[in-house]
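These notes are about the structure you will find just below.
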Amino acid sequence: MKKKRRLLSVLLSAMMIGSTLTGCGGGGTASTSTPAQSGGDTSAPATKVEAPADGEIKIGVSIWSSTDVLGSQCKMILDEAAEALGVQVQYVDQGHVSEKVTASVEQLCAAGCQGIIICNSSDTEMASAIKTCNDNGVYLAQFFRIINSETSADIYKAATDSEYFVGAVHENEPENGEKLVQILLDKGDRNIGLIGWEQGDATWLGRWEGYKAGVEKWNSAHPDDQAVLSEPQYAGTSSEGGSKAAEALMSANPDLDAIIPAGGGGDPLQGAIAAVERAGKTDQIDIVSTDFLPDLGERLANGSMAGESGGHYCDPLFAFMAVYNAIKGNYTGLAGKFEDIKFPYLYVSSPEDYADYEKYFVDQLPYTDEELVEMSKLDMEGLKNKAASLSIDDAASRSGK
């Protein structure tokens, strides 16, 4: 039976109050959750003498923020999985600051984690993370990210050759960008302002590629009805940054009729919405973005949001499950492979679209504890298929409603 939950933001507040927080040496903010349950398979992996029992497993999470909109949702599903499996989980918030990203991996290895999942992480940061995990015999997987096999061929090869790099869970970002810009074009928007978060971030670049492709396809098919996409303003990952970027876009283009805050965890989007509201332009400027806000249903109804992609807070769950199985010795022969786990976005552009998402992803988690335990027993192909199949309809069917 599914555990009913209040809105994510309310539940998170209670969870964070009960968390045990400790300082971190140079890596950000760390917190550890230690479930009481233990037990499970103790078969040995190929590269370790003996696999630990569940109660002795600790998985580290290097994350940009465990408290912003998206990060807090990720923390909630990971904490639920840790409790269901009876393992420990430790968080380090690294703020997408390069030296803190690499230090977070060192910190989690020093804290006794047998596995780590990580995001945000540039390809160059992954080079350091892979070496640290290789040196310490710690399994590693990315979430919301994948090393670029073309532009970072040497780093991709290092990941493939590693006995400890498990793989990457990620979304199709160019496709995501195209679908979001199409929502705006279908609504009649032709002057589109763009807000990025960190220059060079792989996910941002993928989305930007999609936005540009969507506009180019539209313009090719509609020579007498051209759309324009601005050069990006950069917001970082803060609400203040999103607000300033939106203000700059509105100031530079009085005819602006749409803004895309590309992402960054949800806070830049909230800042951009606030700036548009302050300017009294909610009825004039449509906003679409990635990373669902807790009040998305209300914002779709009042017009402050025109559409959004998201619902992907379960992405790190699959990285967590992959690392868990590697620690247990269930996923072996990692050297020579790069496991690529693709995860789908959900798209909403009306209050009606959002209603079912709220029912199956907000009021309750899309997986019960029993389903999480069963997921942990899947082989790699089964885990990939499980990730690819998650949707509102899938969650509704398993809920029996």
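The side-chain heavy atoms of Lys328 and Ile57, taken from C-beta on, include a pair separated by under 4.5 Å. Using a 4.5 Å heavy-atom threshold, the side chains of Leu180 and Ser309 count as touching. Contact of the Tyr91 side chain with the Lys75 side chain is registered, since non-hydrogen atoms from C-beta on lie closer than 4.5 Å.
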(message) Could you go through Tyr345 and Glu173, starting from their C-alpha distance and side-chain angles, then the distance that decides it, and tell me whether this counts as side-chain hydrogen bond (donor to acceptor under 3.5 Å, both in side chains)?
(response) CA-CA 9 Å; Tyr345 274 117; Glu173 297 299 353; 2.8 Å; yes
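Using a 30° and 60° split on the angle between ring planes, Tyr313 and Phe361 fall in the perpendicular class, above 60°. Classified by interplanar angle (parallel below 30°, tilted 30° to 60°, perpendicular above 60°), the ring pair Tyr367/Phe318 is perpendicular. Ring geometry for Tyr354 versus Tyr357: interplanar angle of 30 to 60°, hence tilted.
For the residue pair Glu198/Thr237, the side-chain donor-acceptor check at 3.5 Å is not satisfied. Side-chain atoms of Thr102 and Ser128 form no donor-acceptor pair, as typed in the model, at a separation below 3.5 Å. In summary, the side chains of Ser304 and Thr282 do not present any donor paired with an acceptor at a separation below 3.5 Å, with no hydrogens or angles considered. Looking only at atom types and distance, the side chain of Gln270 has no donor-acceptor partner in the side chain of Ser239 under 3.5 Å away. Under 3.5 Å, the side chains of Asp201 and Ser122 contain no donor-acceptor pair of N or O atoms. Side-chain atoms of Asn219 and Glu216 form no donor-acceptor pair, as typed in the model, at a separation below 3.5 Å. No hydrogens or angles considered: a donor-acceptor pair under 3.5 Å links the side chains of Asp340 and His170. In the model, Asn385 has no side-chain atom that pairs as donor or acceptor with a side-chain atom of Glu381 under 3.5 Å.
Between Arg299 and Glu277 there is a salt bridge, since a side-chain N of the basic residue sits under 4.0 Å from a carboxylate O of the acidic one.
Remark: of the listed residues Val166, Leu140, Val92, Leu140 is the sole one forming a side-chain contact (heavy atoms from CB on, under 4.5 Å) with Ile116. The side-chain contact (heavy atoms from CB on, under 4.5 Å) test with Ser230 is passed by exactly one of Ile192, Asn253, Ile259, Leu194: Leu194.
Shown here is Glu240, whose CD atom has no more than 12 heavy atoms of other residues, nucleotides or ligands within 6.0 Å.
Expressed to the nearest 0.5 Å, how far CG of Asp123 lies from CG of Asp154 amounts to 11.0 Å. To the nearest 0.5 Å, the span separating NZ on Lys281 from CG on Asp257 amounts to 11.0 Å.
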